[in-house]
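Fair warning: this is a prediction, and the values are worked out from it, not measured in the lab.
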Amino acid sequence: MLKNLILVRDFFPIVLLKAHIKYNFFGLLYWGLLFSILFNLLGANFGVPFLFYSPDYLGEVGLWSFALLGFSVGGFSMAFNVYSYIKLGPRFPFLVVVSTPFIRFCINNFLIPFAYIIIYLVKMSIFQRNEELASSSDVVIYNVSFLIGFMLFIMLSILYFFPLRTNKDTDDAITESNPVSTITSKGLGQKWYNYFREKRTRPIYYIGKKFRLYKSRSVAHLDKHIVESVFSQTRINAFIFEVLTISAFLSLSFFRNFSLFEVPAAMSILMLLTIISMVIGALNSWFHRWTYPLIFSVIIVMSALSSRVGIFRYTSYALGLNYSEEKIINYSPENIRQNHKTDEETFPSKEHIIQILENWKRKTGEEKPKLVILNTSGGGLRSALWTFTVLSNANEKLKSKLSKNLQMITGASGGMIGAAYFREIQLRKKLKTLDGNTAIFKERLSKDLLNRLSFSASTSDLFMRYKQVVYYDKKYTQERGCEFEKELHENLDNYLEHPLGYYQKFERNSSIPLMIFSPTIVNDGRRLLISSQNLSFMIGDNKETTYENIDFQSFFKNNDPHHMRFSSVLRASATFPMIMPMMALPTKPEIQLMDAGIRDNYGGKVSVDYLFALNEWLTENTSGVIILEIRDTKRIMSNEVYKELGLIDKLLLPFGNLLTNFTRTQDLDQEQLIKLCETSFNFPVDKVTFNLREDYNERISLSWHLTKREKQKIEAAFSSQENQMAFDKLRRLTEKQ
């Protein structure tokens, strides 16, 4: 028993694992991130684990997607080995007297990668069976493909390192009695535990040639400079390998316009981690303990330069807007007041919107029709598909009554994408240019939007931005925001490929409902109201107002606002933090736009502003207002429980509360606004709510990627008991005069 314990203690893979824990924290941190993803501890709400369990390549989950993912795991594993060898190799000088020391190190450094692969394959197989409804044969193919991709990178690495021998065939084979006899003979006449208390250099038992067990040889007789020179030689070879690997990954960005190179999103994540670990490994091989101070200093310098030097300014543009120097607008409280509080802007804007309402009323054919306002929540692709599903299903069952009475649409993020797609289809029906049916439209809308976005982020966005895109004869930097728009247009067969001004005439004659986007201005917390129409009438009349809302059309009237690409408008409203870049506008200092959900995830505030501004007309010309709310998450879900807080929870609660409960606090605020509406207006205001997620335990990821099971859940949600009750209420209200 003692012999076995000693052998385990001195087994090189175990020794290396302990060394990682003691000396290689950052190396373990990368694996910690990946294991956290596997166990749903990191990014579960955003569907990050699903990207690994169900990688999408060229629109399909299959052999090639898993092979590519396996290849990237192989790359990350080798990056970990290189970094670890540079960091830990000198602590095991016996490596200099074995053949191909780096290869021997990698073989014995297998515990963490091996554990990750086994856990991944098991969890992936279960996920594919349960969530993607894959057959057993498909699951086997996925496993084999992953392992082939993994081994391919490992073999390519071995082909590079194998010729680099520092010594030849110097491994001493160990027989069964060799390590045991050595241990027992040393222990005669002593207490058994004294062996573990001795401070001496113990032999290490490592996996060597032909995967046999070998005993390390002493290097005490070797000159210290010889040992250092051997590690220096291998360090140089490892550095060259790192440079080649980083260059190969980054070179993919040159081909990002070709769909063949749009690798799975999970592979992009692994590529990014691989690049980071290899860059740090390369720096560490030359600068040693100065590596992290150097990295920190570079980040500080780049941050300082980013506000002054163009090459370091990571700007995401709204395609179509004029960013020329002479068109830059001064963004200040004084200029905001001057641009919005003039009668020339406010009154024509209100008269214009009332004319739109008159056109809408006339087309309904009713004396006092019900006016429907759509409020749709953010929530990535799930909200986009859910919003489209509710609108298309309800409109079909109501025999187009919903689309006829729908006059205004507002909300946030993915929900607005689904609503915009529905509106475009209704317009094409009227223009008789429609191609497809509801099932095809749902399939298009549910396609992956994450691969191209994450690929751009992991290759070109962080390191080099050299490509440009041309729109309306203006050039813009091509970054991941542009890639998101490109993927969206390809998925939707270019249905939304229009400038914002394209919809102006159709909204004016009420062929389609008005859409109001309200992305958040990060600089000061205001909301930018974007529409093809002038919305100055919603700004307010009080001279003491703080101008919470800024009208896009009037504030940027000299920057070609009607040329702004409609997909850029959608992106401005759906700029989820970290996933997509903040959008900069042509002001000084630059306005940075982020997700509308930060201020108004359900569109309630915009709707209330709209109703107050048009109170008189609505009272005289409608029989009431229906606020159709389409939510990705129910206000109070069934099976939701509150847990006791631990010490860490208490420390993080003040900060975490802002993130986890910001939509809930908006709900509470907007409930008060609706109560205010009920007492302030002379017309009834009814709310009808459709909820996607009703049960706390029934999760659908907040992501730009959906699994087959998630798509089925979204389609089935419309038929839930509560949503059918909501539909019956909607039917009664639209039929009631």
Side-chain angles (χ1 to χ4, degrees), residues 349-364 366 369-377 387 390-391 394-395 401-412 415-424 426-427 500 503-519 527-539 549 551-553 566 569-570 573 596 600-619 621-630 670 673-674 677 681 683-689 730 733-734:
S349 173
K350 190 167 185 177
E351 292 175 358
H352 180 70
I353 206 72
I354 288 176
Q355 184 59 54
I356 291 176
L357 288 168
E358 293 286 356
N359 294 336
W360 165 80
K361 177 184 174 182
R362 185 174 62 255
K363 289 197 173 186
T364 63
E366 301 172 10
K370 284 281 188 180
L371 184 142
V372 179
I373 294 177
L374 171 62
N375 287 180
T376 177
S377 75
T387 299
V390 172
L391 291 175
N395 193 52
K401 178 73 172 175
L402 175 59
S403 58
K404 183 183 294 184
N405 285 51
L406 183 59
Q407 199 281 321
M408 196 270 279
I409 298 173
T410 189
M416 291 295 277
I417 294 178
Y421 192 40
F422 172 81
R423 186 180 76 153
E424 176 68 29
Q426 298 306 308
L427 176 59
L500 179 62
Y503 293 106
Q504 186 181 40
K505 61 181 179 181
F506 298 114
E507 290 180 351
R508 184 182 300 159
N509 62 28
S510 290
S511 297
I512 54 175
L514 174 72
M515 286 195 81
I516 300 177
F517 298 84
S518 57
R527 292 180 301 164
L528 183 67
L529 301 184
I530 304 179
S531 172
S532 65
Q533 312 299 325
N534 188 299
L535 301 177
S536 296
F537 71 96
M538 292 177 61
I539 303 305
N549 300 325
D551 174 45
F552 173 73
Q553 291 291 343
F566 188 62
V569 178
L570 292 170
S573 180
D600 192 6
N601 194 51
Y602 307 104
K605 286 181 65 63
V606 172
S607 296
V608 170
D609 287 341
Y610 183 81
L611 294 177
F612 269 105
L614 300 170
N615 184 6
E616 294 181 6
W617 188 93
L618 293 171
T619 301
N621 294 275
T622 70
S623 58
V625 171
I626 302 171
I627 296 179
L628 174 58
E629 188 179 51
I630 302 178
Q670 292 186 16
L673 286 175
I674 293 299
C677 291
F681 298 141
F683 54 85
V685 177
D686 297 284
K687 179 181 282 190
V688 180
T689 302
L730 178 63
L733 289 171
T734 52

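Side chains of Gln504 and Ser532: no donor on one and acceptor on the other come within 3.5 Å. Side-chain atoms of Asn405 and Lys370 form no donor-acceptor pair, as typed in the model, at a separation below 3.5 Å.
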Tell me, with the steps shown, if Leu628 and Ile373 meet side-chain contact (heavy atoms from CB on, under 4.5 Å).
CA-CA 6 Å; Leu628 174 58; Ile373 294 177; over 6 Å; no
Take Val688 and Ile626 through the side-chain contact (heavy atoms from CB on, under 4.5 Å) test and state the conclusion after the steps.
CA-CA 7 Å; Val688 180; Ile626 302 171; 4.1 Å; yes
Test Ile630 against Thr689 for side-chain contact (heavy atoms from CB on, under 4.5 Å), laying out the working first.
CA-CA 6 Å; Ile630 302 178; Thr689 302; over 6 Å; no
Assess the residue pair His352 and Asn534 against the criterion (side-chain contact (heavy atoms from CB on, under 4.5 Å)); give the C-alpha distance rounded to whole Å, side-chain angles, the decisive distance to 0.1 Å, and a yes or no.
CA-CA 8 Å; His352 180 70; Asn534 188 299; 5.7 Å; no
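The main-chain N or O of Gln355 is found under 3.5 Å from a side-chain atom of Asn359 such that the two form a donor-acceptor pair. The closest donor-acceptor contact from the side chain of Ser518 to the backbone of Leu529 lies at 3.5 Å or more, if one exists at all. No side-chain donor-acceptor contact under 3.5 Å links Lys363 to the backbone of Glu358. Counting only distance, with no hydrogens or angles, the side chain of Asn615 and the backbone of Leu611 share no donor-acceptor pair below 3.5 Å.
Every residue was checked against the ring pair (Phe, Tyr, Trp, His ring centres under 6.0 Å) condition with Tyr602, not counting sequence neighbours, and none meets it. By the side-chain hydrogen bond (donor to acceptor under 3.5 Å, both in side chains) test, Thr364 pairs with no residue at all, sequence neighbours left out. Annotation: salt bridge (charged side-chain N to carboxylate O under 4.0 Å, His left out) contacts of Lys404 (sequence neighbours excluded): none. The ring pair (Phe, Tyr, Trp, His ring centres under 6.0 Å) check on Tyr503 picks up His498, Phe566, with sequence neighbours excluded. For Glu507, the salt bridge (charged side-chain N to carboxylate O under 4.0 Å, His left out) partners are Arg423, not counting sequence neighbours. Residues satisfying the side-chain hydrogen bond (donor to acceptor under 3.5 Å, both in side chains) test with Thr387, not counting sequence neighbours, are Thr376. Qualifying side chain to side chain contact (heavy atoms under 4.5 Å, CB included) partners for Thr410, counting only residues two or more places apart in sequence or in other chains: Asn375, Met408, Ile516, Val606, Ser607. Legend: residues meeting ring pair (Phe, Tyr, Trp, His ring centres under 6.0 Å) with Phe681, ordered by chain and number and at least two apart, are Phe612, Phe683. Asn395 is linked by a side chain to side chain contact (heavy atoms under 4.5 Å, CB included) to Ser400, Leu402, Ser403, Phe422, Gln426, counting only residues two or more places apart in sequence or in another chain. Judged as a side-chain hydrogen bond (donor to acceptor under 3.5 Å, both in side chains), and not counting sequence neighbours, Asp686 has no contacts. Every residue two or more places apart in sequence or in another chain that forms a side chain to side chain contact (heavy atoms under 4.5 Å, CB included) with Asp609 is listed here: Arg527, Met538, Asn549. In terms of the salt bridge (charged side-chain N to carboxylate O under 4.0 Å, His left out) criterion, Arg508 has no residue partners (sequence neighbours excluded).
With contacts defined as side-chain heavy-atom distances shorter than 4.5 Å, the pair Asp551/Phe537 does not qualify. Here the side chains of Leu406 and Ile512 are not in contact, with every heavy-atom distance at 4.5 Å or above. A heavy-atom distance below 4.5 Å is not found between the side chains of Asn621 and Leu357. The shortest distance between side-chain heavy atoms of Leu535 and Gln553 does not fall below 4.5 Å. Trp360 is listed as a side-chain neighbour of Thr622, based on a closest heavy-atom distance under 4.5 Å.
Nearest heavy atom pair, residue Pro684 against residue Ser623, reads CG-O, 3.4 Å. Pairing each heavy atom of Ile409 with each of Ala419, the nearest pair is CG2-CB, 3.8 Å. Across Asn509 and Ser511, no two heavy atoms sit closer than the pair OD1-OG, 2.6 Å. Gly411 and Ala596 make their closest contact through O-CB, 3.9 Å (heavy atoms, listed as atom of the first residue, atom of the second, distance).
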